[in-house]
Amino acid sequence: MVIGGEADIQRMLANVMRVCLSRLSQTSVHTFLYWNDENNAACNLGDEHCHKLTRYLSLPIRKNGELWEYSEELEEVFKAHDPKISHGLVKSSRGAYFQYFQIPKQGLLLMESSRVPDLIVKQILLPLLGKLARSCHSCITHEQLIREIDARRIAERRVAHQASHDELTQLFNRRQFSKEVERALKVALREKNYGAVIFIDLNNFKSVNDAMGHHIGDLVLKEVAVRLRDVVRREDRLARFGGDEFVVLMPGLSHDVDTALDRVNTLTQRIHESLANTVHIAGASYTVGCSMGFDLYPRVNVETNLHHASDIIKNADLAMYEAKGKRQKHALAYTPSMSERLNLRLSYISELKDALLNNEFELHYQPQFNQNKQVIGAEGLLRWHNPHRGVESPQVYIPIAEDSDLIIPIGHWVLFEACRHLKELSENTLPPFFEKLSINVSAKQLVHKGFVDDVKHAIDSTGIAPKLLGIELTENTLVSQIDKTTAVINQLNDIGVSCSIDDFGTGYSSLSYLKKLPAAMIKIDRAFVCDINRDAENRSITRMIIGLGENLDMDVLAEGVETIEELYCLAEMGCNKYQGFYFSRPVSLQALIELFSLKA
Amino acid sequence: MAHVYAAKGGFLGSELLMSPRVDRSLTSDRALMNAIDAVIEDGAKSIMVLACSANKHNPYLLNPYLTSLKIPVFGGVFPALFIGAEYLEQGIIVLGFRCELHVECFQYLSEKSLNEDLAYMFFEGESIPGGMLVYTDAFSSAAEHFVNCFYESLGSGIPVIGGGAGSLDWVQRPCLFSNKGMLEDAALVIGLTVNMHTAMSTGWEILDGPYLITDAQDNIVKSIDFDPAFTHYQRTVERIAGVVVDADDFFSVSKNFPLGVVNMDGQVIVRDPVTTEDGELICVGAVPKNSLIYLLSGDPDKLVEAASEAAKKIQIKGDNDAVFVFDCISRMLFLDTQFKRELKGIQENISSDTLIIGALSLGEVANIGSGMVSVLNKTITLGAI
């Protein structure tokens, strides 16, 4: 169909032009084609945006050492040709003869010779122009089709890329990464070698994102992706799992497990070092750091006895989670006990939810006394009769509740239960020096939206006097979000509810923070009370805390008083409020009522 | 251009050229190096080296030397050389130029696409040469393709002469001298800083034809007038000239009866069939399919006369420092003992002050009538500066 069977228009025309040069004894040959400026390509006359003739190809490319592209002679000849006639002859000002032939609807063929061309040249070419035109048309159409196909292919590739890649970092996304792990797992099983999946979670990213905005956060993530790309091996696969989580697949590590572990540790060390370096964005510097966990594969799922890619990723995630919890700098390898702990945790979460539904919680109280052994208050302590495991220590389930956000509904229950109990206590006779009933509140609960309203609602619905209710916050809870906690405590103070700083001395507060906090009481941690009569260091610390309380106009209560010697020592130092086994263990509401009756 | 008049016995040099160093013995590699050193010591800024294939120069010995040279060197190994009317079948000619010439070297011709390399050769920020010399490896399968691509890049308006280097045993080996060493499957292009005017002629005449090349591929003619090419050729020669053509001793006859393609300008482009295989004719140079060809014959007087005419054309254009000649080896093989007449004919028509320096080449390169640079056979090409 096309001359020479060549679909590329440039090659097709070049072949024709070479024949003109050699067989028709021409000095040079030039082709002009109709041109579409929009897509910068030759076009068929009649197509959209197609009406301008442009020099397309010259053979040879020069004359007298100058490129025909810039030739004034050629321009002069082109302008002199008559577009209305099918062929003609122009003599240039330099004395060369240029024969031209219209290529119907496609362009113009211009041939140079040093003398008047023989008639035979015209006789040979004229019958061929129709075929040349058809060839040009076919080639141009073919190229248009190729362009469309290419454009479509590019679009499809883009879609496929988007489906498998994270838009921000251009790393694999979760879905594609899972496929990569599946593939790698099959290879590992076949070739009997080890690979690994490393889970990376950025530290401090949330604070950067919250403080500087998502735009800066995104730039940080992109920088992290770049750094990870730089340190991983060529055969490794990288993905962003979402948020500030990244995963690395390391296939083909070794047939030997120790060597595989070494290689993983080498890479994680490099990752750690790379991400520990400051990130510079928009003139500011940020430090992120990361927590990492990994799992080697193949690893059989003990339940299904099969290998699952999802298990490997999950295990690596779990290991990372533990590493984060332990604030571990080095990557932690997954062990099955982590899954056991996770399963236990998941069981607890389920059981805690049931506990709320089935009313399995109970509030007990540990009374607080003054130096005259008068009851001045009580601290509410959660108790749980877990039908599956019996009576549970709060140290087991409270961290789980805080992690899973169940602490919010649990805390809500404690608040309302304490207010109901306070109501009941008030209806019986409260001891004359009773000041308040305190409940522990977690950081999450404190900053949870509507907490102050909940407190108001609990007070209003039970009709208790607000001053009888107190909340206890650990030192770290208070200073972790100092501005927010200060605002909440102020709001509570405004409605008459006071705040105590629990476990004082164990946290990271500074004197400037303490000055800001509108707390009514400092509770000295039991660690400093224990054997205080024999421990000079504890005495020093306690003395300091008592002094602090005096200066900041806060009451001071010592927790964990277990012996009379401790009591005397504390009293000598000027601390006159106490809580501990010496006085009473935590008791039920009923027992507290009875105690109050006795003391009354 | 002012030049030093030759003293009795030799060209002593000019403003552009130095007196050539000629060794007529079977020159060793060491002797060649010494000759080049001597020319450099005399102040040459570029060097042309022509050597006879009989010297059997060793690239392994020469390459470290050639690559260490600080000035451009170019040239080739040919079956024979000549200087003036003197003909050398062994020895060397080393010619120093007093100016630095631009030498472009193109290697691995048969292995890669040449167009990109050639498209930007010369001219970028440089002045346009007044003429060009081209040396090719005659046995490179891409030599003609190179010449075609070369013209497509160079264009018309710049005179070109050149020739194919190699030896008559038809074995391809390193045959070009360059700053990259002795090369094969390569080409050298030298831009001259002075204007060159050229002339060419063949002297071969049409004996019979035309015939239609009904099938051909590059330099292989497969069928003529729908007959197997060898059969047609054999029959025609036997009919017209009464000479028996034997496939086993093909060249001894075919050298006397080449083919000729007549172009639109009426110029006869000679194509030398050198061997036959499977009923096909293998020529030096491409023979296009569907072209009309003629059977040519040669008369020694006509050939000599053609060479003299070419020399006259050159001389008419004025006094020259030197005339470079590429004369086809097959003319020498045809003329045999009469070849000296050709050389004498050239010398007699060129001023005695002009250096005549040349080589017997395997194929020639020159501009034909339309200006196009082509590979030629059985032709004498002269370029005068």
Side-chain angles (χ1 to χ4, degrees), chain A residues 3-5 8 10-11 13-31 55 57-74 77 92 94-99 110-125 127-128, chain B residues 102 113 115-116 118-132 144-145 147-160 191-192 195 213 216 218 261-269 271 285-293 367-376:
Chain A
I3 292 174
D8 179 275
Q10 187 171 355
R11 280 202 284 269
L13 284 172
N15 289 341
V16 169
M17 290 157 76
R18 282 190 188 107
V19 170
C20 291
L21 281 176
S22 60
R23 304 292 288 275
L24 300 180
S25 295
Q26 300 301 298
T27 305
S28 68
V29 185
H30 313 270
T31 318
R55 189 197 72 90
L57 189 62
S58 294
L59 278 181
I61 62 175
R62 293 185 179 94
K63 178 177 179 178
N64 294 330
E66 290 176 356
L67 289 167
W68 278 109
E69 203 176 324
Y70 307 117
S71 165
E72 285 173 0
E73 184 183 17
L74 189 63
V77 165
S92 77
R94 296 185 198 185
Y97 293 88
F98 287 82
Q99 233 179 343
L110 205 61
M111 301 198 299
E112 179 198 10
S113 54
S114 53
R115 55 185 186 85
V116 176
D118 272 329
L119 193 61
I120 192 161
V121 172
K122 191 167 69 175
Q123 286 170 344
I124 290 170
L125 265 185
L128 297 176
Chain B
H102 186 136
S113 163
N115 290 322
E116 264 189 49
L118 280 161
Y120 297 101
M121 78 166 175
F122 292 104
F123 313 135
E124 299 305 319
E126 293 188 14
S127 55
I128 296 159
M132 287 187 155
E144 188 164 10
H145 176 61
V147 171
N148 292 338
C149 292
F150 169 69
Y151 178 66
E152 283 178 18
S153 178
L154 177 75
S156 62
I158 297 176
V160 176
L192 298 172
N195 288 336
I213 301 291
D218 297 324
V261 180
V262 179
N263 65 20
M264 288 272 167
D265 296 330
Q267 191 175 9
V268 176
I269 308 295
R271 283 292 180 254
V287 180
K289 185 178 168 184
N290 295 329
S291 55
L292 289 174
I293 56 151
N367 307 86
I368 58 175
S370 64
M372 188 172 166
V373 177
S374 293
V375 166
L376 306 168

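FYI, side chains are in, hydrogens and waters are out, and symmetry mates aren't considered; it's all heavy atoms of this structure.
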For this session: Go through B:Asn290 and A:Arg23 one step at a time and tell me if the side-chain contact (heavy atoms from CB on, under 4.5 Å) criterion holds.
Result: CA-CA 10 Å; B:Asn290 295 329; A:Arg23 304 292 288 275; 4.0 Å; yes
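- Scanning for salt bridge (charged side-chain N to carboxylate O under 4.0 Å, His left out) contacts around A:Asp118 gives A:Arg115, with sequence neighbours left out.
- In this structure, CZ on A:Arg18 lies 6.5 Å from SG on B:Cys149, to the nearest 0.5 angstrom.
- The backbone N or O of B:Leu154 sits nowhere less than 3.5 Å from a side-chain atom of A:Arg62 that would complete a donor-acceptor pair.
- Heavy atoms only, all atoms of each residue included: B:Gly157 and A:Asn64 are closest at CA-OD1, 2.9 Å.
- Of the two parts of B:Asn367, neither the backbone nor the side chain holds a non-hydrogen atom closer than 4.5 Å to a non-hydrogen atom of chain A.
- Contact record, B:Glu152 with A:Leu59: OE1-CD2, 3.6 Å, taken as the closest heavy-atom pair.
- Counting all heavy atoms, side chain and backbone alike, B:Ser156 lies closest to A:Pro60 at N-CG, 4.3 Å.
- Contacts of A:Ser22 with chain B are made by both backbone and side-chain atoms, with heavy-atom separations under 4.5 Å.
- For A:Thr27 (side chain) and B:Ser370 (main-chain N/O), a donor-acceptor pair under 3.5 Å exists by modelled atom type.
- Contact record, B:Gly369 with A:Ser114: O-OG, 4.2 Å, taken as the closest heavy-atom pair.
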